[in-house]
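To start, the structure under review is shown below, and the notes come after it.
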Amino acid sequence: MSDNELLELEEEEHTSQFTAPVFWRIMGIIKPHWKWVLGFLITIGLVSSLDAYFTYLNKQIVDQGIKFSDTAYIIRIAWIYGSFLLMQSAFVFTFIYLAGVLGERVQYDLRKLLFNHLQDLSLSYYAQNAVGRLIARVTSDTGRVSELVTWGIVDSVWAVMNIITSLTFMAIINWRLALIVSVIIPIMVFVAAKFQKYILSEFRITRRTNSKITGAYNENIQGVRVVKALGREDANLVEFQQLTTRMYKASYRAAWLSALFLPTVQIIAAVALGAIVWYGGVQIGTGFITIGGIQAFVSYLTFMMWPVQDLARVYAETQHSIASAERIFKLVDTQPEVHNRADAVEAQTLLGEIEFDHVDFFYEDRKPVLTDFTLKVQPGEMIALVGPTGGGKSTIVNLLCRFYEPQNGLIRINGRDYTEYTMESIHKRIGIVLQTPHLFSGTVRENIRYGKLDANDADVEEAAKIAGAHDFIVTLEKGYEQNVGEGGNLLSVGQKQLISLARAVLARPELFIMDEATSSVDTLTEALIQKGMEALMKGRTSFVIAHRLSTIRRANRILVIEDGHIAEQGTHAELLRARGHYYRLYTQQFRHELEVQYGVADENEKNDREDVTADSIMVKREKSEAVAAD
């Protein structure tokens, strides 16, 4: 992976701390489930109170039962202890159940929110963000945030309630010793504040690097054929090791700081314990505290160490979750560059005149792609776009589909600025077949029906017949119920393209776009696709981006696009007679086909002879096509 590719995977910097806005946004996630939150908070409070009360009962047993050998009192306390223990078990079950259900609901809500928002974002967002990064948002980041708002809250509330109830019972036993313990709490808070900045910073570095690693996994798995074909395994391994080493170092520093936090808390607690034992021993002589009271204080302080350690653990994990929450909020706050106007209306039809009126467009690098581009297309007209790579052909259809919008100029449909229509009403009336067909996991029938979800089986099969896909589908083991695999990887490129065409046929679009759909298929499949295209284009406006020029001879107009301009336009015969850009493209392609046919593509010594052959055949073909056109 190059430095530029790494830059594309670079995570956004998040320098904000755990401030009130971040906290309230996180809390807003659980607002719809406040009843569940209230339920487990109440049960946690009851469990914590009973824990503290059990220690107080132990004090009573020592001071009243054992000291005075009162067996009946001890038995009565034992019954109370056992009864409350059963109640506590029920409360523990309840809050664990409630927290578990809440966690699943929060994660479901987050993933649904992100998935819906990702579908609303413009194509420019996906061009700037790696797939691995987006997958990390929807999977690992949502998981961490749901852990924070459930078990993070459970552990934090349990710890805080234990500290509060312990201090309360300490104050009841001896307020002077309780005051010593209460002094320790601000010290622990101070230590936690010092650790906050460093732990959060290291976890953010870890999460950024993790997204890069996810992106690297995704790219290498998807491009495994290219990697193996070019022998890039060793080079990719070195680059991947650099990423994993960076993540290891950041994770190591974060783990080291988190590990240092706990011993620091334990040392502070040990100092407090020594002070209590010393001062309590002095107080026994004056009668201000009993032996059971000293024992209870030691138990309470020891008991408080676990909640404080839990707070330290939760605190370290919270830093990780905050970084995930920041990135989720960053994604949710991203607004689509292309969106509906407030006064947008439903487009009733796209079967009208289409006009590009002095359109200028550029991508993020601000390098002009289209400059002062003007074009008028009549209803039912077939427009073919040809020209060198990077000339602006795909940009024209992307603008027409309103995946992007022009920076200057207007695009009109039926004489009306197309931004006055809702995007949904435009998109559902356009059918697209791309150069690289994409199928979804499922059956052949499900993939064709994706073009019109309410279509019945007969409609699906009729669309497949029109597209020329039916004949190969029935030869599959399960026919229309055959599973196509992830991305259609169980089918050939030609088969996937025919299913994509059938999907477009089923949708019955008013505007049809073919983006080099035949460039990667064999001649036989090309003929089938060409036949399906002709059936689909009847009565519809269509735009065809062609690599194989033989597929566009019947186009009403052929536009040669170079450097964002129309270099020339006309019918196939007119452009051949003009002997301009299109003529050169066409003759070069036909000459290459002849060279391949005769097996002389790499024989330099036969070039001159084949030049003569190609040119003579081309002249004959031009004459016959011109006569046919006239």
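In what follows, every heavy atom counts, from backbone to side chain, and hydrogens, waters and symmetry copies are set aside.
By the 4.5 Å heavy-atom criterion applied to side chains, Ile354 and Ile383 are not counted as neighbours. Here the side chains of Leu114 and Asp141 are not in contact, with every heavy-atom distance at 4.5 Å or above. Inter-residue side-chain proximity for Val505 and Phe512 is flagged as unmet; no heavy-atom pair is nearer than 4.5 Å. Side-chain contact between Leu375 and Arg557 is present, with heavy atoms from C-beta onward closer than 4.5 Å. Considering only heavy atoms from C-beta on, Leu559 comes within 4.5 Å of Leu385 through its side chain. Looking at heavy atoms from C-beta onward, Ile29 lies out of side-chain contact with Asp109 at the 4.5 angstrom threshold. Side-chain contact between Glu562 and His565: absent, with no pair of heavy atoms (C-beta onward) separated by less than 4.5 Å. The side-chain heavy atoms of Phe356 and Val377, taken from C-beta on, include no pair separated by under 4.5 Å.
Taken from OG1 in Thr541 to CG in Leu400, the straight-line distance is 9.5 Å, to the nearest 0.5 Å. To the nearest 0.5 Å, atoms OG1 (Thr214) and CZ (Arg137) are separated by 9.0 Å. With rounding to the nearest 0.5 angstrom, the OH atom of Tyr125 is 12.0 Å from the CD atom of Gln335. From Leu476, atom CG reaches atom OG1 of Thr443 across 11.0 Å, with rounding to the nearest 0.5 Å. From Leu113, atom CG reaches atom CG of Leu331 across 8.5 Å, with rounding to the nearest 0.5 Å. Note that the NE2 atom of His358 and the OG1 atom of Thr374 stand 4.0 Å from one another [nearest 0.5 Å].
Heavy atoms only, all atoms of each residue included: Arg503 and His438 are closest at NH2-O, 3.0 Å. Heavy atoms only, all atoms of each residue included: Ala464 and Ile473 are closest at CB-CD1, 4.1 Å. Taking each heavy atom of Lys496 and Leu439 in turn, the nearest pair found is CG-CD1, 3.7 Å. Of all the heavy atoms in His572 and Arg553, the pair that sits closest is CB-O, 3.6 Å. Smallest separation of non-hydrogen atoms from Leu410 and Arg412: CD1-NH2, 3.3 Å. For the residue pair Leu350 and Glu510, the shortest heavy atom distance occurs at N-OE1, 2.5 Å.
Checking side-chain atoms of Arg327 against main-chain N and O of Ala136 turns up no donor-acceptor pair under 3.5 Å. In this structure, Asp360 contributes its side chain and Gly409 its backbone to no donor-acceptor pair below 3.5 Å. Between the Asp515 side chain and the Ile432 main chain, no donor and acceptor come within less than 3.5 Å of each other. The main-chain N or O of Lys478 is found under 3.5 Å from a side-chain atom of Gln482 such that the two form a donor-acceptor pair. When atom types are taken as modelled, the side chain of His117 and the backbone of Thr334 share a donor-acceptor pair closer than 3.5 angstrom. Using a distance-only test at 3.5 Å, with no hydrogens or angles considered, a donor-acceptor pair links the side chain of Glu568 to the main chain of Tyr582. In terms of modelled atom types and a separation under 3.5 Å, the side chain of Lys393 and the main chain of Pro388 share a donor-acceptor contact. The main-chain N or O of Val338 is found under 3.5 Å from a side-chain atom of Ser122 such that the two form a donor-acceptor pair. Between the side chain of Arg445 and the backbone N or O of Glu481 there is no donor-acceptor pair closer than 3.5 Å. Although no hydrogens or angles enter the test, the distance criterion places no donor-acceptor pair under 3.5 Å between the side chain of Ser425 and the main chain of Glu346.
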Given side-chain hydrogen bond (donor to acceptor under 3.5 Å, both in side chains), test Arg449 with Tyr480 step by step and report yes or no.
CA-CA 11 Å; Arg449 187 176 279 135; Tyr480 282 87; over 6 Å; no

Walk me through it: do Phe440 and Val484 pass the test side-chain contact (heavy atoms from CB on, under 4.5 Å)?
CA-CA 8 Å; Phe440 298 91; Val484 302; over 6 Å; no

Please test Ile221 against Val224 for side-chain contact (heavy atoms from CB on, under 4.5 Å), starting from the C-alpha separation and ending with a verdict.
CA-CA 5 Å; Ile221 291 174; Val224 64; 5.9 Å; no

Criterion side-chain contact (heavy atoms from CB on, under 4.5 Å) on Leu575 and Tyr583, from CA distance to verdict
CA-CA 6 Å; Leu575 293 178; Tyr583 175 83; over 6 Å; no

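The number of heavy atoms from other shown groups lying within 6.0 Å of CZ (Arg554) does not exceed 12. The local environment of CG in Asn556 is crowded, with over 12 non-hydrogen atoms from other residues, nucleotides or ligands closer than 6.0 Å. Remark: Tyr126 OH is packed, more than 12 non-hydrogen atoms of other residues, nucleotides or ligands lying under 6.0 Å away. When the shell of 6.0 Å around OH of Tyr450 is examined, it contains 12 or fewer heavy atoms from other residues, nucleotides or ligands. The number of heavy atoms from other shown groups lying within 6.0 Å of CZ (Arg508) does not exceed 12.
Ion pair Asp333/Arg25 flagged as a salt bridge, since at least one NZ, NE, NH1 or NH2 atom sits closer than 4.0 Å to an Asp/Glu carboxylate oxygen.
The side-chain hydrogen bond (donor to acceptor under 3.5 Å, both in side chains) check on Glu486 picks up nothing, with sequence neighbours excluded. Under the rule for a side-chain hydrogen bond (donor to acceptor under 3.5 Å, both in side chains), the partners of Asp417 that lie at least two apart in sequence or sit in another chain are Thr419. Listed by chain and residue number, Tyr363 satisfy the side-chain hydrogen bond (donor to acceptor under 3.5 Å, both in side chains) test with Thr395 (two or more places apart in sequence, or in another chain).
Classification of the Phe403-His427 ring pair by plane angle, with boundaries at 30° and 60°, yields tilted.
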